[in-house]
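Encoded as structure tokens, the structure appears first; notes follow it.
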Number of protein chains: 2
Amino acid sequence: MGKKTRKTVEHQTPLVEGTCPMPDIAQLIGGKWKLIILQILIFQGMKRFGQLKRQIDGITQTMLTTQLRALEKDGLVERKAYPEVPPRVEYTATRKAKDLEEMFHAMHAWWLRNE
Amino acid sequence: MGKKTRKTVEHQTPLVEGTCPMPDIAQLIGGKWKLIILQILIFQGMKRFGQLKRQIDGITQTMLTTQLRALEKDGLVERKAYPEVPPRVEYTATRKAKDLEEMFHAMHAWWLRNE
DNA sequence: AATGTTAGTATCTTTTTTGATACTATATAC
DNA sequence: GTATATAGTATCAAAAAAGATACTAACATT
């Protein structure tokens, strides 16, 4: 009775102010790189793959690709590939991602207060 | 000339509005459980260990202890143990943690907008 | 004397994330 | 004809996070 296909979302306290399904959010923007990538695309606008790679210190090709694919799948990043040689691919923050601006500002403010 | 004991913080784009060292923040509040724990302690006030355990679906003793210890170490949670038997331990969100309220609200608003 | 209670610790295993390396296509420049 | 540039993919290895299980202390209750 009741298989648990998705453990995460169904038991979170739903009625308290400020509450939302954190595991789900963590899936979307968690991990080591996603916040960095989003921050760049949101606040600096479109970037090419190579630009991102150069700007994000320490990230590997593999990781950057993986993370961008995940963000794209979740509707946070738009990928536009041009059929040129050598290839050109542009990444942009979607509207949904840009809506995170406020959260980034809150994080930033918090960071400054407690640095 | 600057050994890199902490790789994370030193190469982030520092001048853009809304920017802060994401890897460091991810360390503080990332992972599968920390946001959930913080959310409860911030918005519902003090909780005993067992209360947290019962409230957080699927968490194990081990994980809860680990995460609480990490949060305590980072000054986000205060731990108060009473020398009774059976033991009683109370956890509270610190001021620093409560300052995250704004961020939680921003997350929540974002989630609602894009659910 | 056995049982229940709370908040753990100590190990060990599994799963998930992250990293390293080598490889590809193809137009253009040299 | 060789090298260069870009944005990848395909593997494999390592490290980190999470999970499972068993164990503990010490008093109170039955």
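Protein chains get the first letters and strands the later ones, always in sequence-line order, with residue 1 at the start of each. None of the values given here were measured: they were computed from a predicted structure.
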Nearest to side-chain heavy atoms of [X], which nucleotide of [options]:
| X | options | result |
| --- | --- | --- |
| A:W33 | D:dT9, C:dT18, D:dA17 | C:dT18 |
| A:T65 | D:dG8, C:dT6, C:dG8 | D:dG8 |
| A:P87 | C:dA10, C:dA7, D:dT6 | D:dT6 |
| B:T60 | C:dT17, D:dA20, C:dG19 | D:dA20 |
| B:T62 | D:dA20, C:dG19, D:dG8 | D:dA20 |
| B:P86 | C:dG8, C:dG19, C:dT6 | C:dT6 |
| B:M63 | D:dA18, C:dG8, D:dA7 | D:dA18 |

Please round to the nearest 0.5 Å and tell me the distance separating atom [atom1] of [X] and atom [atom2] of [Y].
| X | Y | atom1 | atom2 | result |
| --- | --- | --- | --- | --- |
| B:L35 | B:Q67 | CG | CD | 10.5 Å |
| A:T60 | A:W33 | OG1 | CH2 | 7.5 Å |
| B:F49 | B:R79 | CZ | CZ | 9.5 Å |

To the nearest Å, how far apart are [X] [atom1] and [N] [atom2]?
| X | N | atom1 | atom2 | result |
| --- | --- | --- | --- | --- |
| A:Q61 | C:dT21 | CD | P | 14 Å |
| B:F49 | D:dA25 | CZ | C1' | 16 Å |
| B:Q51 | C:dT5 | CD | P | 16 Å |
| A:L52 | D:dG8 | CG | C1' | 14 Å |
| B:Q27 | C:dT18 | CD | C1' | 13 Å |
| B:Y82 | D:dA26 | OH | P | 21 Å |
| A:L68 | D:dG8 | CG | C1' | 11 Å |
| A:E72 | D:dA7 | CD | C1' | 14 Å |

Do B:M46 and B:K80 have side-chain heavy atoms sitting under 4.5 Å apart?
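A side-chain contact under 4.5 Å is absent here.
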Do B:D24 and A:W111 touch side chain to side chain, with heavy atoms closer than 4.5 Å?
yes
Pairwise 5' ranking along DNA chain C for A:V85 and A:G58, keeping only the more 5' one:
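Result: A:G58.
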Distance below 4.0 Å between [X] side-chain N/O and [N] OP1 or OP2:
| X | N | value |
| --- | --- | --- |
| A:R54 | D:dA7 | no |
| A:K53 | D:dT6 | no |
| A:R48 | D:dT6 | no |

Could you check whether A:R69 gets within reach of a base, just the sugar-phosphate, or nothing at all, counting any heavy atom under 4.0 Å?
sugar-phosphate
